[in-house]
Amino acid sequence: MNNLVSSRSVGGACLLCRRGAAVSARVTQQRPHPAPLTRLSSRLLSSRQGGTMNVFDRNMKRRQKKWASSLQEHNKYDYLRDEVGSRVADRIYDIARTFPLALDVGCGKSHIAEHLSKEVVERLFLTDISDGLLRQKKEGEMPTHCVMADEEFLPFRENTFDLVVSSLSMHWINDLPGALRQIHQVLKPDGVFIGAMVGGETLYELRCSLQLAELEREGGFSPHISPYTAVTDLGNLLGQAGFNMLTVDVDEIQVHYPGMLDVMCDLQGMGESNCVWNRKSLLHRDTILAAAAVYKEMYGNEDGSVPATFEILYMIGWKPHESQVKPAKRGSATASFADLSKISQSEASIKTDNP
């Protein structure tokens, strides 16, 4: 059984919140960073704003999701998406308004909707590239409408939705800037986009172990873990898409498994297997065994389990509207920072005069 742990970095310490308990610990081990992925597929797709690198095989991702949805015990692999879906829902509840019409992009089995009430979202559209996952959607309070659609090509008119959400699907999009522009387009003015996607530090333990094992046994390595978006780029991407009043924060979820092979098995059950164009079709048995040994040696826990870290990037962006708060014009200030010391001195003198 896997063990789910949430970790949020606060001032050098790591606050670990295990289900049913809460403990705190200080991070003492510096994580080794894997070698950068220097080779990506050279295939290019045209887009409305120049060339877009075609990194992921979207048809392969569709087949992987279809296979995952056909598993007899498919629900046991939903733990990560359910956890992140609940955290996205928490961010929706933080906004004090009701959304008449919302859209979930790459919904899977609607892992966000099950945590929402009809007082917050009155009607919800669900989209995913897998019809099998849409058939297995989890029921919520509000009425839902399923649309089989690719996240890269949203089939909706401009200014349609009051809210757009997405959870753990955008990291497989080839044209992420284009997808964000489409989300911005289908939002109504003063509409909000709330999303979550995995970040660049995700599965660094698995990436390091596979790279070291392949270098030792085969003299080189291939990208078995797909490239992810860095948190430093996310704000720029949202701003370029036209969003304002941006919020980006990072969370870490750590799951403990019996061994590396269990990590890979669960990723396959989630439909999260690698689908980059230049992926290696198979791993040699000796390389897998060596990687499992490296994984346990470098990252193993005292109880024999191994951790897998998922870095989750949360983003919030608003479509501009005239009613939104705007920054003051440059040069409109009535006080100077140089006068702040005088103000504090005058306040101190007033306190001494009136004991």
Side-chain angles (χ1 to χ4, degrees), residues 8-9 33-34 36-56 58 84 87-88 91-92 94-95 103-106 150-154 158-159 161 163-204 207 223 225-253 276 309-322 324-330:
R8 184 185 295 272
S9 295
H33 289 276
L37 302 179
T38 56
R39 292 192 306 114
L40 293 175
S41 174
S42 60
R43 306 184 184 210
L44 295 178
L45 285 181
S46 61
S47 70
R48 281 173 290 185
Q49 294 192 8
T52 301
M53 184 169 286
N54 186 11
V55 180
F56 304 114
R58 296 289 294 175
V84 176
R87 300 185 186 194
V88 173
R91 286 161 170 79
I92 298 173
D94 288 340
I95 301 174
L103 170 66
D104 188 346
V105 178
D150 195 317
E151 295 96 327
E152 295 185 347
F153 306 99
L154 298 180
E158 293 185 37
N159 305 326
F161 298 98
L163 167 71
V164 176
V165 296
S166 180
S167 179
L168 298 188
S169 70
M170 300 186 74
H171 55 284
W172 295 118
I173 293 177
N174 284 305
D175 185 10
L176 184 56
L180 291 173
R181 286 194 298 269
Q182 290 186 58
I183 291 173
H184 181 272
Q185 188 175 17
V186 300
L187 274 172
K188 293 179 180 178
D190 201 33
V192 61
F193 167 59
I194 303 176
M197 62 186 297
V198 294
E201 293 297 312
T202 296
L203 297 175
Y204 71 89
R207 182 184 287 115
I225 308 297
S226 68
Y228 298 123
T229 303
V231 64
T232 52
D233 298 329
L234 201 52
N236 291 333
L237 290 173
L238 289 169
Q240 291 171 8
F243 291 98
N244 64 3
M245 298 193 296
L246 307 178
T247 303
V248 176
D249 65 295
V250 185
D251 212 354
E252 281 191 357
I253 296 178
V276 296
T309 301
F310 298 88
E311 183 185 49
I312 312 298
L313 312 181
Y314 297 93
M315 66 199 98
I316 301 177
W318 293 78
K319 187 168 182 176
H321 187 261
E322 59 183 10
Q324 295 171 351
V325 177
K326 297 177 177 62
K329 293 182 179 180
R330 186 177 180 87

Distance check, rounded to the nearest 0.5 Å: [X] atom [atom1] versus [Y] atom [atom2]?
{"X": "Leu234", "Y": "Thr247", "atom1": "CG", "atom2": "OG1", "answer": "11.0 Å"}
{"X": "Ile173", "Y": "Arg58", "atom1": "CD1", "atom2": "CZ", "answer": "6.0 Å"}
{"X": "Thr202", "Y": "Phe310", "atom1": "OG1", "atom2": "CZ", "answer": "7.5 Å"}
{"X": "Ile316", "Y": "Ile92", "atom1": "CD1", "atom2": "CD1", "answer": "9.0 Å"}
{"X": "Leu176", "Y": "Arg181", "atom1": "CG", "atom2": "CZ", "answer": "10.0 Å"}
{"X": "Ile194", "Y": "Met315", "atom1": "CD1", "atom2": "CE", "answer": "11.0 Å"}

Judged by atom type as modelled, is there a donor-acceptor pair below 3.5 Å linking the side chain of [X] to the main-chain atoms of [Y]?
{"X": "Gln182", "Y": "Glu152", "value": "yes"}
{"X": "Glu151", "Y": "Val105", "value": "no"}
{"X": "Asn174", "Y": "Phe56", "value": "yes"}

Would a 4.5 Å heavy-atom cut-off, applied to side chains only, mark [X] and [Y] as touching?
{"X": "Val165", "Y": "Leu103", "result": "no"}
{"X": "Leu187", "Y": "Val192", "result": "no"}
{"X": "Thr229", "Y": "Leu237", "result": "yes"}
{"X": "Leu154", "Y": "Phe161", "result": "no"}
{"X": "Leu168", "Y": "Ile312", "result": "yes"}

If a pair satisfies side chain to side chain donor-acceptor pair (under 3.5 Å) and one of its residues is in residues 187-200, list it, with sequence neighbours excluded.
Arg97-Asp190, Asp190-Gln324
Applying side-chain hydrogen bond (donor to acceptor under 3.5 Å, both in side chains), name anything that partners Ser167, two or more places apart in sequence or on another chain.
none
Any pair counted as salt bridge (Lys or Arg N to Asp or Glu O under 4.0 Å), so long as it reaches residues 227-237, sequence neighbours left out:
none
Could I get the full list of ring-ring contact (aromatic ring centres under 6.0 Å, His included) partners for Phe193, not counting sequence neighbours?
Phe243
[X] and [Y]: which non-hydrogen atoms are nearest, and at how many Å?
{"X": "Pro320", "Y": "His184", "result": "CD-NE2, 3.6 Å"}
{"X": "Gly317", "Y": "Leu246", "result": "CA-CD2, 3.9 Å"}
{"X": "Glu311", "Y": "Glu201", "result": "OE1-N, 3.0 Å"}

Would you check, one step at a time, whether the test side chain to side chain contact (heavy atoms under 4.5 Å, CB included) holds for Met170 with Ile183?
CA-CA 12 Å; Met170 300 186 74; Ile183 291 173; 4.1 Å; yes
Please list, chain by chain and in numerical order, all residues satisfying side chain to side chain contact (heavy atoms under 4.5 Å, CB included) with Asn236, sequence neighbours excluded.
Gln240
Would you please name every residue forming a side chain to side chain contact (heavy atoms under 4.5 Å, CB included) with Val231, sequence neighbours left out?
Val248, Val250, Leu313
Would you call Asp249 and Arg87 a salt bridge, using N to O less than 4.0 angstrom?
no
